[in-house]
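Below: the structure, in structure tokens.
Computation of the quantities below employed the complete heavy-atom set of this structure, encompassing side-chain atoms and omitting hydrogens, waters and symmetry-equivalent molecules. To find a chain, count down the sequence lines: A is the first, B the second, and so on, and within it residues start at 1. From a predicted model like this one, the values you see are computed outputs, not experimental measurements.
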Amino acid sequence: MMILGFCAGSQSYGISIDPVSEVIPLLNIESLDSGVVGLLGSFDFRGSRIPLFDLRLAQEGVTADRALSTRIIILEYAGHRVGLLAEHVVELFEVSDGDALEGRTLVVPEDIIPESLHDIFSV
Amino acid sequence: MSEHERSPRLSGDPPNRCWFRIGVWGSGACEDLEDFVHCFNCPVYKSAGKDLFSRAPSSEYTSRMSDALREPFELPGVSQGSFLVFLLEGERFALSAECVRAVTPFSSIHSVPFRSDTLFLGLSPVRGKLRLCYSLSAALGRECVLPLRGDFRRMLLIGRPETSFVFPVSEVEGLVSIPEEGIRFDASLGEDNVVLGSASVEGQDTCILNQTHIEDYFSNKQL
């Protein structure tokens, strides 16, 4: 299984590449006051407007660092398309089923993206 | 020689591009090379690479990327794959880029007593690790010549991390896109053949290798 590594503040994560459709650089974001914790705003992407969720903002209350390694991971799952703003997106590695990820928490989109975000945006 | 010159990792000093001064692209004097063999395996080199990405993007870069990714992306009407084209003893071959992990300069091949034969050539140091080295010519059922530096300029690192292997090739030409419709499948070769068919690439006949069977073929031969 191929795993994409990323961070949110002091926490390190890994996500299977299956729901990952693209990894893109930081774009210009239009802020949005939605009340959803972690929803940073939205951006135009390939002809549609999709939400950008900042995991660090949701967990630590501060936005992700502005660095070249901070990227937007485009997730497509269960009919949703969401941009996940993640730090240190510089590693792709392969693990066998059952292998432990060294110091990383393996997550799926449903673990980190709140369901309430989908009520605001529909694909 | 100062401590800094011996090993930035041990001294804690900034690396200051130590790989070009005392690493594998420099004098080779770094003490850490005994442990890591190649700078690719050294945490100092890896950390320096990651530091490049710690810089903040310029607003111009962000705006340019925003503009580039705003418009819908039109998928090509035909399915096509990316292939690495290489030369082997005068013939052109193409292998799906998905299974090629690295292209490296030719490395010496050390035969293994009672193990090496025309197919399994021996062990070759590639990127700091000893890799199993096979002959693609032998896998294709051709007369195998012992690969020598000069005739063979590159090694292709193929397979998964736990079952990777290398084979020497004469030269690598580059990556090309080949539409599925452009591949002439040869049914007479059989399903298990390492050759899938042929295609015209930039006006030249090119033999298309079967990615799955290449990996399986050599994986099954592993010691």
(request) Considering only heavy atoms and a distance below 4.5 Å, find which of A56(B), P57(B), A68(B) pairs most often with chain A. (result) P57(B)
(message) Taking atom CD as the centre, does E94(A) end up with more than 12 heavy-atom neighbours from other residues, nucleotides or ligands that are less than 6.0 angstrom away?
(response) yes
(request) Locate the shortest heavy-atom distance separating A67(A) from S54(B); write the atom from each residue and the value. (result) CB-O, 3.6 Å
(message) What's the separation between atom OG in S59(B) and atom CZ in R66(A), rounded to the nearest 0.5 Å?
(response) 8.0 Å
(message) For the interface with chain B, which of N28(A), I24(A), D44(A) has the highest count of heavy-atom pairs at distances below 4.5 Å?
(response) N28(A)
(message) So which residue, V89(A), L68(A), T70(A), L26(A), ends up with the most heavy-atom pairs under 4.5 Å with chain B?
(response) L68(A)
(message) Is E87(A) in contact with chain B via its backbone, its side chain, both, or neither, using a 4.5 Å heavy-atom distance?
(response) neither
(message) Within the supplied structure, the quantity of interest is the number of heavy atoms (other residues, nucleotides, ligands) at a distance under 6.0 Å from F53(B) CZ; does it exceed 12?
(response) no
